[in-house]
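Everything on this sheet refers to the single structure shown next.
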Amino acid sequence: MATFQTLPGFREFYPEDLARRNHIFRLWRQAANSFGFAEYDAPVLEPLELYKAKSGDEIEGQLFNFTDKGGREVALRPEMTPTVCRLVGAKANALKRPIKWFSIAEFFRYERAQKGRQRSFYQFNADIFGEPGPEAEIELIALLIQCLGGFGLTKDDFYVRLSDRDLWFFYLEALGFDAGQTRELLGAIDRFEKMGDEAFKAYAEKFGALDAAKKERILGFMQVRSLAQIEGEVQKLDQQKIAGRLADWRRLLDGLAAMGLADFVQVDLSVVRGLAYYTGFVFEAFDRKGDLRALAGGGRYNDLVKKLGGPDLPAVGFAIGDVTTGLLLEQRGLMPNFVQAPDVYVVIGGEAERRVAFGDIQALRASGFRVEYPLKDAAFGKQFKAAAESGAKLALIYGGDELAKGVVKIRDLAARDEREVGRDTVVAAVRDSLSGG
RNA sequence: GCGGCCAUAGCUCAGUUGGUUAGAGCACAAGAUUGUGGAUCUUGGGGUCGCGGGUUCAAAUCCCGUUGGUCGCCCCA
């Protein structure tokens with residue numbers, strides 16, 4: 001038993017694990033590139049204050065934070081949003097609009113691990129700054145769908161639930177609730193799916209029992225699953241602001257439909273997301289079977305850049321995690337089995353043959369072939385076994401006979417046939433054999 | 001921060017009412033096999049039975065604590 005253990009919730013990536021992680025990262029990066037997003041990165045360690053400024057003092061309980069040797073209060077980053085707001089805010093006037101950025105990075109949260117959640121995890125983050133209209137949401141939701149669809153996941157595997165915190169604000173305002181009550185109610189709506197009626201307890205304790213008729217309307221609004229239903233619910237309210245939101249909803253849904261993504265999205269006003277800083281559309285991606293936690297989440301946060309000291313800059317973004325994505329791909333059999341087979345395995349007779357083979361091995365590797373050979377002398381039988389197990393397509397045989405004749409034997413391991421070529425033509429012969437197969 | 005379950009070899013696990021030197025399969029390594037294949041056979045390395053304490057003539061086994069894992073609650077950026 002090892003004396004030193006991995007810290008709780010932290011992750012080690014053995015080669016097979018890293019191959020899976022790289023596979024996920026590769027497709028995310030490909031998706032972002034095809035959408036014209038630019039990649040950035042930033043420090044893992046940030047001032048603690050950055051997160052407190054965004055989320056409040058309570059956040060400290062969820063952070064890996066400490067005092068550094070210079071007396072600074074610091075924290076390992078639990079998310080990218082405040083950081084990217086700072087980066088963009090600092091240069092906002094010099095950046096071409098729209099600003100479309102993404103990153104793939106590791107994050108840390110001091111929480112108990114559970115299924116799909118570790119203390120260390122990776123997230124793909126994509127954000128658009130400087131675009132106030134729903135065109136930014138169209139772009140991001142399309143990218144989110146591609147970030148899952150790229151693996152072969154279909155509309156039967158996952159979907160994106162769409163909602164709108166602004167619409168909720170206006171709706172509750174029209175029902176006569178003030179801002180404080182509205183915030184509390186949005187928290188209750190967020191918890192309702194899990195807790196049922198219990199979710200409204202906190203509101204009742206603060207503001208007194210919820211009027212039964214209004215509660216009915218709130219529960220009814222949560223049931224809304226289409227634009228037509230939104231229109232039906234709000235037309236009686238006759239509010240200018242709500243009319244504006246409806247126009248944005250139409251543009252958003254029309255745009256997504258025109259991209260052929262209508263089957264991936266579902267209007268669902270029961271989603272509000274717990275985060276108070278979201279200001280408009282919010283969305284979450286879920287496994288259709290529903291046995292995993294959220295795959296991805298995001299929304300509009302028009303006030304955050306300014307709140308963190310930058311200019312007044314509208315923004316939308318989302319994040320998608322590697323843990324839940326990996327679980328879903330495993331469940332659906334979409335995680336490829338990664339084997340790193342060499343092109344060529346070199347079989348070496350002995351000391352003299354090894355010295356000759358080394359020259360050719362170097363030449364083959366310099367030409368881009370993946371070449372392996374036994375580090376120590378071994379019986380031919382064992383070497384052929386190793387060659388077969390390695391998955392190599394070809395074996396090159398450097399034995400006493402070949403050396404004497406100035407040739408190399410090339411064996412096609414699958415076809416089990418061999419030919420001899422002159423030593424000076426080995427690279428060309430290997431290239432020929434591999435391209436022919 | 002709170003609760004349920006779990007912990008024996010790298011992995012999956014067996015281990016009798018507490019009783020000799022803790023086992024198997026897989027994996028790994030060597031040999032059979034000094035010029036041809038993923039098989040087979042033989043052999044080998046690998047264990048503080050998570051850790052600490054207690055009960056007992058005797059503990060992998062029973063008790064307490066602790067650490068870690070896992071699942072859930074709170075939270076979820």
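Numbers restart at 1 for each chain; the letters A, B, ... are given by sequence-line order, proteins then strands.
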One thing to verify: whether A:Asp322 and A:Arg21 come together as a salt bridge, which I'm taking to mean a side-chain N less than 4.0 angstrom from a carboxylate O. no
Short side-chain to backbone donor-acceptor contact, A:Arg119 and A:Arg11, under 3.5 Å: no
Distance in angstrom units between A:Arg112 CZ and B:C76 P, rounded: 18 Å
Classify the side chain of A:Arg273 versus the base of B:A77 as yes if they form a donor-acceptor pair under 3.5 Å and no if they do not. no
Side-chain donor-acceptor contact under 3.5 Å, A:Gln146 with A:Ser34: no
Measure distances between side-chain N and O atoms of A:Arg411 and base N and O atoms of B:G35, and say whether any donor-acceptor pair falls under 3.5 Å. no
Can you tell me if A:Tyr301 and A:Asp127 form a side-chain donor-acceptor pair at under 3.5 Å? yes
Report which part of the nucleic acid A:Gly9 touches: base, sugar-phosphate, or nothing (heavy-atom distance under 4.0 Å, all strands). sugar-phosphate
At 4.0 Å (heavy atoms only), tell me whether A:Glu418 reaches a base, stays on the sugar-phosphate, or touches nothing. base
In whole angstroms, the gap separating C1' of B:C75 from CZ of A:Phe121 amounts to 13 Å
Report yes if a side-chain nitrogen or oxygen of A:Lys194 is closer than 4.0 Å to either non-bridging phosphate oxygen (OP1 or OP2) of B:C75; otherwise report no. no
Identify whether any heavy atom of A:Pro78 sits under 4.0 Å from a base atom; if not, whether one sits that close to sugar-phosphate; answer base, sugar-phosphate or nothing. base
Using a distance-only criterion (donor-acceptor N/O pair, under 3.5 Å, no hydrogens), is the base of B:C76 paired with the side chain of A:Arg117? yes
So what does A:Gly349 touch, heavy atoms closer than 4.0 Å: a base, only the sugar-phosphate, or nothing? nothing
With a 4.0 Å cut-off on N to O distance, would you call A:Asp343 and A:Lys393 a salt bridge? yes
Report yes or no: is the ring centroid of A:Phe380 under 5.5 Å from the six-membered base ring centroid of B:G35, with the two planes under 30 degrees? yes
With no angle test and no hydrogens, is the base of B:U36 tied to the side chain of A:Lys409 by a donor-acceptor pair under 3.5 Å? yes
When you measure only distances, ignoring hydrogens and angles, does the side chain of A:Glu402 come within 3.5 Å of the base of B:G35 through a donor and an acceptor? yes
Determine the contact category for A:Glu353: base if any of its heavy atoms lies under 4.0 Å from a base atom, sugar-phosphate if only primed atoms, P, OP1 or OP2 are that close, otherwise nothing. nothing
Tell me if the side-chain of A:Gln5 makes a donor-acceptor pair with the base of B:U67, cut-off 3.5 Å, by modelled atom types. no
Pull out every stem in RNA chain B, meaning runs of 3 or more consecutive Watson-Crick or G-U wobble pairs with both distances under 3.5 Å. B:1-7 with B:67-73, B:10-13 with B:23-26, B:28-32 with B:40-44, B:50-54 with B:62-66
Salt-bridge present (A:Asp303, A:Lys307; N to O < 4.0 Å): no
